[in-house]
Amino acid sequence: AQSVTQLGSHVSVSEGALVLLRCNYSSSVPPYLFWYVQYPNQGLQLLLKYTTGATLVKGINGFEAEFKKSETSFHLTKPSAHMSDAAEYFCAVNGGTSYGKLTFGQGTILTVHP
Amino acid sequence: DARVTQTPRHKVTEMGQEVTMRCQPILGHNTVFWYRQTMMQGLELLAYFRNRAPLDDSGMPKDRFSAEMPDATLATLKIQPSEPRDSAVYFCASGPTTGGEETQYFGPGTRLLVL
């Protein structure tokens, strides 16, 4: 079985501040991990993903995430928040139980204050 | 820029009516997913197909929901009869042949309101 827990349904930061969105996963096999972003009234789009290799993964819009197997975590960070980063962020895992089938976390709404 | 398209974008209907949602996956993608998003339940996988064959529809209420792929360019999700609790945003996503690491590409969604 696979599962994802996103800590904090709402995160609020000031423009220019560090963004940290937390994700912990459970998987019985080495996982593939994803972060998706959803802007208002839109579908989800991929920010970044970890499959194999380097554990620090860089994505679009200055985001990055680090896969830490020992902590079963895949936290998303961005050094300096921008107003346009305001959106909902979803962590997802594919633990190999069904190829292509993702399990999504509940989402974290990021608010960026001027 | 290839995209997943969904129609209609918005649908308001009355309880008991049939609702059909359509999705055109990205050309060449052979895996199609249907998701439902609500405030209470978040993002739920309803069904998915590979090469037009259903692989898993365990997330779908069988008595009223049905999903099909009549051809490689069209996926449909039907609700008959619809109920107010079906009000949600329904997303279609497509992806290439999966080993698990492939990206899913989401459509813009169909926002359904059942009165």
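Naming convention: chains lettered A, B, ... in sequence-line order (proteins, then strands); numbering from 1 in each chain.
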**Study point:** B:R111 (side chain) donor-acceptor with B:V89 (main chain) under 3.5 angstrom
**Key:**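 Looks like no, no N/O pair under 3.5 Å.
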Check your understanding: Okay, side chain of B:S87, backbone of B:V114: is any donor-acceptor separation there less than 3.5 Å?
Key ->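 Yes; at least one donor-acceptor contact below 3.5 Å.
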Point to revise | A:F90 portion near chain B, given a 4.5 angstrom heavy-atom threshold | key: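 Interface part for A:F90: side chain.
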Check your understanding: If you measure only the distance, is there a donor-acceptor pair under 3.5 Å linking the side chains of B:Q104 and B:Y35?
Key ->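 B:Q104 vs B:Y35: donor-acceptor pair found between side chains.
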Practice item. Could you look at B:M39 and say if it's the side chain, the backbone, both or neither that has a heavy atom under 4.5 Å from chain A? Key: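 Answer is neither: B:M39 stays 4.5 Å or more from chain A.
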Practice item. Measure A:Q106 against the heavy atoms of chain B and call it side chain, backbone, both or neither at under 4.5 Å. Key: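 When you check distances to chain B, only side chain atoms of A:Q106 fall under 4.5 Å.
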**Study point:** Pair B:T103-A:K49, side-chain donor/acceptor within less than 3.5 Å
**Key:**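 Their side chains do contain a donor-acceptor pair, which is all the 3.5 Å distance test asks for.
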